[in-house]
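Here's the structure we're looking at; comments come further down.
Proteins get letters first, then strands, A, B, ... in listed order; numbering begins at 1 in each. Just so it is clear, the values below take in all heavy atoms, side chains as well, and ignore hydrogens, waters and symmetry mates.
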2 protein chains.
Amino acid sequence: MKLSDKVIAAIKKDISSGRLKKGTKIPAEPELMEVYQVGRSTIREAIKTLSIAGILKVQQGSGTFVASKVKDESLTQRLRRAEFEEVNTVRAVLENEMVRLACENRKAADLDRMMELLEQRQKAITANQQKKCADADIAFHISIAKASGNQVLADLYENFSLVLLDFFSKREQSIEHFQRSQPAHEGLAAAIAKQDDKSAEQYLKSILHHNY
Amino acid sequence: MKLSDKVIAAIKKDISSGRLKKGTKIPAEPELMEVYQVGRSTIREAIKTLSIAGILKVQQGSGTFVASKVKDESLTQRLRRAEFEEVNTVRAVLENEMVRLACENRKAADLDRMMELLEQRQKAITANQQKKCADADIAFHISIAKASGNQVLADLYENFSLVLLDFFSKREQSIEHFQRSQPAHEGLAAAIAKQDDKSAEQYLKSILHHNY
DNA sequence: TTTAATTTAAACATCTGATGTATGGATGGT
DNA sequence: ACCATCCATACATCAGATGTTTAAATTAAA
């Protein structure tokens, strides 16, 4: 087995695992040399083969890019699971506190804002607009953070929401997923309105678990 | 107000909000022109100012990079109202999870780092150096965040620590305060080392309450 | 209205880093 | 010894980034 074949397999694996997505630029040859601990000729041999196969596309002066997907579903799920757990853990910690405080301190204006965003979420679902859906979803949770009355917590969550947005975009969340969790979101809003912290906690739990 | 000042504010905001992290390359001038809808001179004027201020660092032929972190204005502003309660609430939420996870996942290297920072904290106390003391204190808690094994949580806490630093400086924490809480910090580190989450929780409670 | 500062636009230089190409040497199996 | 493989180096070529200069258009102030 030639060395370049090992590199080919490694690059293919990186593509199928999701570390290298379609359209993304792969590392430059010098960097690949360090990563795979081989000479430049070997790297170029591998790239040439993958390029002929249509998997990669090279552009002189610019770089080499992934031209096609090589999907391995089970593997991508497993590899993203670690990062996924981390994000969800942090999210759960923040949202639990947010919801608890929101039940105590929510004002009428907060409830209006929450309902408004829930409507936007539903509209985006029926219109099959995924990005708007994710935006509305996160905006809704931010509105809960603000309703908590703790501005520091709200600012921190707003910062964290950037991570969530990036996270959603990577996961390719289906509209169906948002559809399924819509009732839980409405229940959560209602519980906060009624200041029923026990019920709110249950709905939140449901929302967070729907992510699995 | 000059147009370039608006661009400066926008870039600063992007940095403080975390959209642009330290060390990352900011978009090239042509792209910034599109994003902010201004000419190249304006972009360059803004970049020049931020570069002189040490916030950005330009490298010809390569790009412009973020050189330093910027404190989140909205967060520091809240502190002026002396709403320490809010800060402590958020801190408690984050640290509780951090400590819980650190007890499970701490590696030997994490424990070494923690002990090293505790020594620095003690040295700063005996040397009566308040700033170094606060730095070591926060660095210690950051090391716990990293020991949790949750990179997302660690990043979030590191961002939040900027608020804590400001918090300490405004409160004029005395050296005596740090001295009093040193045993609790050492106890916390020992508990994490022994993976005794119950004990760790108690020490953390003590540390957080010492802030009042 | 005139004047000056600001902003824009374009052209070109320069630097960095990417791939393309060529060559020689080291290595290991046949 | 032969030969395919691999490594190392140098240089060419291309793309894209910032640096610089200049002129025109726009805006604000005198």
field: Integer-rounded Å distance: dC6(D) P and E29(A) CD
entry: 16 Å
- prompt: Any luck finding a side-chain donor-acceptor pair between Y203(A) and E186(A) under 3.5 Å?
  reply: no
Pull out every protein N or O sitting under 3.5 Å from an N or O of nucleotides 23-25 of chain D, one pair per line with the distance.
none

message: With side-chain hydrogen bond (donor to acceptor under 3.5 Å, both in side chains) as the rule and sequence neighbours excluded, what pairs involving residues 53-63 of chain A come up?
response: none
What does the list of N/O pairs under 3.5 Å between the protein and nucleotides 9-15 of chain C look like, with a distance for each?
unit_1: dA11(C); atom_1: N6; unit_2: R40(B); atom_2: NH1; d: 3.3
unit_1: dT14(C); atom_1: O2; unit_2: Q60(B); atom_2: OE1; d: 3.1
unit_1: dC15(C); atom_1: O4'; unit_2: Q60(B); atom_2: OE1; d: 3.0

statement: In short, ring pair (Phe, Tyr, Trp, His ring centres under 6.0 Å) pairs touching residues 22-53 of chain B with sequence neighbours left out are none
Report, one line per pair, each donor and acceptor closer than 3.5 Å where one atom sits in a side chain of residues 46-54 of chain A; sequence neighbours left out.
unit_1: T49(A); atom_1: OG1; unit_2: E45(A); atom_2: O; d: 3.0

query: Where each residue is assigned the nucleotide of DNA chain C containing its nearest heavy atom, which of Q59(B) and T42(B) is assigned the position nearer the 5′ end?
result: T42(B)
message: Using modelled atom types and a 3.5 Å cut-off, is there a donor and acceptor pairing between side-chain atoms of D110(A) and backbone atoms of K107(A)?
response: yes
message: As a test of reading the structure: which of dT18(D), dT19(C), dC6(D) is closest to the side chain of R44(B), going by heavy atoms?
response: dT18(D)
task: Enumerate the residues from residues 2-11 of chain B whose closest heavy atom to DNA chain D is under 4.0 Å, giving them by residue number; use none for an empty result.
output: none
message: Distance check needed: dT19(C) P versus I47(A) CD1, whole Å only.
response: 6 Å
message: Without decimals, in angstroms, what is the distance between K57(A) NZ and dA15(D) P?
response: 16 Å
- line: Y36(B) OH to dT7(C) P, in whole Å, measures 16 Å
task: Send over the distance from F65(A) CZ to dC14(D) C1', rounded to a whole Å.
output: 13 Å
- line: The residue, E31(A) or Q37(B), whose nearest nucleotide of DNA chain C is more 5′ is Q37(B)
